[in-house]
Structure formats: structure tokens, C-alpha cells
Amino acid sequence: MADPTLTDAPTSTAGTSLVPAQPGPSKKTPSSADGEADAEGPTATAPEARPGAPGHVVRTVLGTYVLSTLVHLAVLAVMIPPGGPGIRDRLLAWDALLYLDIATDGYPEGFTRTESGEIGGNNLAFFPLFPLLTGGLHRATGLDAGAAALVVAHLSLVGAMFAVHALLTRLYDRRTATVGIVLLAGAQPMALTFLMGYSEALFVALAAAALLAAHRGAWLTAGFAGLLTGLTRPAAFALAVALALAALLALRRAGRLEWRPLAAVVLACVGTPAYLLWVGVRAGQWNAWFLIQEAGWGTAWDNGAGFLAFLRDTFERGDGWVPVSTAVLLVGAVVATAVAWRRDAWPPLLVYGTTVVVLTLAQSNYYHSKLRLLVPALIFLLPFARALGRARTRTAVLVLAGATLFGSWYGAYMVTIWRYAI
């Protein structure tokens, strides 16, 4: 999808690399609401690397959101079979319905048992922040729960795009940041999930905000965002590890022990264990959440054995478009993640994204859900964002337009033609 802001950026030659200057020495000038010093110092000195005017950034982010959303919804509308459920029903399908149940009726009292007495899956598997926000908006405004879920998801996506754009601008430059949010919201397969009644958009918004705050040295903000991330999805473990690394790097630069980075790490480590403990107390068994996940969704840590078996079986038999395309795209994500490690990326961002990838691929769950579970990772988008950020404007626009059309079609296919959960 073409982003109008790309046409305003200077076109670089093929051999020119826009790389950030090395971080300067830590400064003591407050740069955040926390009154803390910038964690990295200046990240670049070239005009293109400096944050743009607020109005320009707002137009860039909102314009990208509107265009990518329109493309996604237009392709989805075309893909819906005649007489089938409409756009709203597609956006509120599968896990979205379970989130709506939690938002309106709350959580189950404990385990759900099958007729044979075995533990079954239930809504305790779903973390609470997204349904809490949905239920709160539903009751405060009178919107029906489905509309409230979609509003929360879309507002979260806008917040995620602002946070990712700001982070990539600090790490690289405005042009790379603009390409990055187009890839995030428009081009990656299953980006449609951000527009659905799912928690992925909220997770990315909070995780990116935490990383951005840590890069600025706003440690208390980073910790609070990390805590909320931990109440959104279990993959928040990746953010906690990333913030721990960011804090370690900051303490190393400072040459002394400071409490704010440590407090940020502690806060980021609280959310997920707190919810798991609450589920354990509610169900009367400390590992209740893990039992429910495995019983309902087949999710358990298997060191990637299930993923490797899926790749082997798929490439040997080549049975069906969805498994083949999923296998190819997952391998591509792994390769792009490895490429990102060979570039001069910020270590906490590398650790965050890589941990999300590992958590997704090293667990046994439905193979057709893995692309959705990877959409918050960000890391495998970095090599493409940097390459297109250096490309000629026409090339970047054409590639992004084609990639967005493909990503929109792929997501629409998975929620209209594919018969199973995403």
C-alpha cells in the first residue's frame, strides 16, 4: 500500500545506508514525565533521524492506519461468500467471541470438565486486560460488547503504530519508521488480526510503549506499560526479558546502581504471574492455567518438536495451500529474524522479538495460529523496513502496495475460506 509520506522523503542512492549514529554518553537532562535521563543519549544526528514535527507524525500514522484499514476491509468484503456472515461477524469470530463472553459474563468459577471428567478448555485461558477494557467501554458508553471490542482493538492499533513509529524513528530514521508501520499494520500476513476483537493490537501498543519508554530512560513508564502487557498476553515474558536487558545496559552505562531501571523490571515481571496465580487460586490448582491451555488448545512447551514435525510433513507432502504457505512464511520469519541479528539493531528490541518468535515456535499448538501469534514480534519486519527505507521512493511504494494487498488477501482468506480457528 502506498503511503503518501514516502513521497516526501529524500530518495537515497542504491549504495547509501542510513544508519544511526552510535549512542552518545548518557546525559542527565530529564527527557520524560518520569524526570529521568535519556537511556541511550542521542541516537542520530542527521535531520532525517530526528523526530518529525508532531503534525507530520500524526498525519503519517493516522493516514497509514486509515489506508491499511480500508484495504483490509475492502479485500475482506470481496472475499466473503454470498449469503455468509458479514464483515462485523468475521471481525468478531473465534477467540473474539470468547473475549466477549468474559467482557459480559466474567470468568468461569474454575475448571470445566468433559463428560468423562477430564479438564477441558475454558475462558480462564484468556488474559484479562482486553476483555476488561471491552466490558468497561460497553458499560460506560452503551455500545454493544462487539462494537466495544472493535473500538478497543482499533484504538490500540493506532496507539501501537504511534509507539512503533516513535521507536523506529529513534533507532533509525523517519522513513524507516513509516515503512515499518506500513509493514506492521498492512503487509504482514494476519495483520487483519489487529482489526478484530483480539488482544494482539493492545499487546503491541503496550509492548512498543514499554520499549520506547525504556529507550528514552523513562523507566517507571516502561515498567507500568510492562505490567499492563503482562495482563494482556502470556508472551509478555518476552518484554520482561527485553526490559531486563535494557536496564542492565543502562546500569552499566551509569556505572552505579539506580532504582528506577530495577523497578521497571520488577513491574514488568508482575502482571503475568499475578494472573496465573489468580487462575490457580480460582481453580484450586497452582498450574490450572497451563492445564486449561493444553486441554483446550493443545498448547504446551515441546522445544519446537511440533513445529519441526509440521515443517517436515508439509514440505514432504505439500498437502494444501494453508499449511504450505504457513510453513514458507514461518521459515521466512525465522530467516528474517536471523538477518535482523546481523544488523545494528537495539539489543532489547532484538531480544523482545526473538523471544516472541521462540515462544511461538517452541510450543505445540495449532500450526494455523502461529502466524497470528507472531504479529507482535516486530523483529522480522526490521530488515525489510530498513531495506525499503533506503530504496527509491517508487520502488518502496510499489513493494509496500503489493505486500499490503497480499497481507490483506491472506488474512481475509484465513477468516473467510479457511474453516478452522486462526
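Every heavy atom of this structure was used, including side-chain atoms; hydrogens, water molecules and symmetry mates were not.
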Item to check | Aromatic ring proximity Trp297/Phe290, centre distance under 6.0 Å | outcome: no
Checklist entry - When the ring centroid of Phe127 is compared with that of Trp289, is the distance short of 6.0 Å? => result yes
So does [Y] get a backbone contact from the side chain of [X], meaning a donor-acceptor N/O pair under 3.5 Å?
{"X": "Thr404", "Y": "Ala401", "value": "no"}
{"X": "Thr314", "Y": "Leu311", "value": "no"}
{"X": "Arg282", "Y": "Pro108", "value": "yes"}
{"X": "Gln188", "Y": "Gly407", "value": "no"}
{"X": "Glu118", "Y": "Thr114", "value": "no"}
{"X": "Thr355", "Y": "Ala238", "value": "no"}
{"X": "His138", "Y": "Leu143", "value": "yes"}
{"X": "Asp101", "Y": "Gly106", "value": "no"}
{"X": "Ser156", "Y": "Val152", "value": "yes"}
{"X": "Asp173", "Y": "Arg175", "value": "yes"}

Does the plane of the ring in [X] sit parallel, tilted or perpendicular to the ring in [Y]? Use 30° and 60° as the thresholds.
{"X": "Phe406", "Y": "Trp409", "value": "tilted"}
{"X": "Tyr99", "Y": "Tyr198", "value": "perpendicular"}
{"X": "Phe307", "Y": "Phe310", "value": "tilted"}

Checklist entry - Would Ser364 and Asp302 satisfy side-chain hydrogen bond (donor to acceptor under 3.5 Å, both in side chains), going step by step from the backbone distance to the final call? => result CA-CA 6 Å; Ser364 61; Asp302 69 350; 4.5 Å; no
Checklist entry - So does Tyr413 have more than 12 non-hydrogen atoms from other groups sitting under 6.0 Å from OH? => result yes
Next on the checklist: Using the rule given for side chain to side chain contact (heavy atoms under 4.5 Å, CB included), can you reason through Leu129 versus Leu206, listing the C-alpha separation, both sets of side-chain angles and the distance that settles it, and then say yes or no?
Outcome noted: CA-CA 11 Å; Leu129 187 57; Leu206 293 169; 3.7 Å; yes
Checklist entry - Do Met161 and Val158 pass the side chain to side chain contact (heavy atoms under 4.5 Å, CB included) test, and can you show the C-alpha distance, the side-chain angles, and the key distance before you say yes or no? => result CA-CA 5 Å; Met161 294 172 70; Val158 172; 5.6 Å; no
Next on the checklist: Between Phe194 and Val204, does the side chain to side chain contact (heavy atoms under 4.5 Å, CB included) criterion hold? Intermediate values first, please.
Outcome noted: CA-CA 9 Å; Phe194 291 137; Val204 177; 3.8 Å; yes
Hey, could you give me the [atom1]/[atom2] distance between [X] and [Y], rounded to the nearest 0.5 Å?
{"X": "Leu398", "Y": "Arg392", "atom1": "CG", "atom2": "CZ", "result": "13.0 Å"}
{"X": "Leu373", "Y": "Thr299", "atom1": "CG", "atom2": "OG1", "result": "8.0 Å"}
{"X": "His368", "Y": "Met190", "atom1": "NE2", "atom2": "CE", "result": "11.0 Å"}
{"X": "His154", "Y": "Met196", "atom1": "NE2", "atom2": "CE", "result": "10.0 Å"}
{"X": "Gln285", "Y": "Ile119", "atom1": "CD", "atom2": "CD1", "result": "5.5 Å"}
{"X": "Leu195", "Y": "Leu91", "atom1": "CG", "atom2": "CG", "result": "7.0 Å"}

Checklist entry - Yes or no on ring pair (Phe, Tyr, Trp, His ring centres under 6.0 Å) for Trp278 and Tyr107, after CA distance, side-chain angles and deciding distance? => result CA-CA 11 Å; Trp278 180 83; Tyr107 281 103; 5.5 Å; yes
Checklist outcome for this item: Of all heavy-atom pairs linking Trp219 and Leu243, the shortest is CZ3-O, 4.4 Å
Checklist outcome for this item: Taking every heavy atom of Ala191 against every heavy atom of Leu184, the minimum-distance pair comes out as CB-O, 3.6 Å
Item to check | Check against side chain to side chain contact (heavy atoms under 4.5 Å, CB included), Leu291 and Phe111 | outcome: CA-CA 9 Å; Leu291 296 175; Phe111 288 122; 4.2 Å; yes
Next on the checklist: I need the full list of side chain to side chain donor-acceptor pair (under 3.5 Å) pairs touching residues 225-244, with sequence neighbours left out, sorted by first then second residue.
Outcome noted: Ser199-Arg233, Glu200-Arg233
Mind checking whether [X] and [Y] have side chains closer than 4.5 Å, heavy atoms only?
{"X": "Pro348", "Y": "Leu249", "result": "yes"}
{"X": "Leu374", "Y": "Phe380", "result": "yes"}
{"X": "Leu382", "Y": "Leu378", "result": "no"}

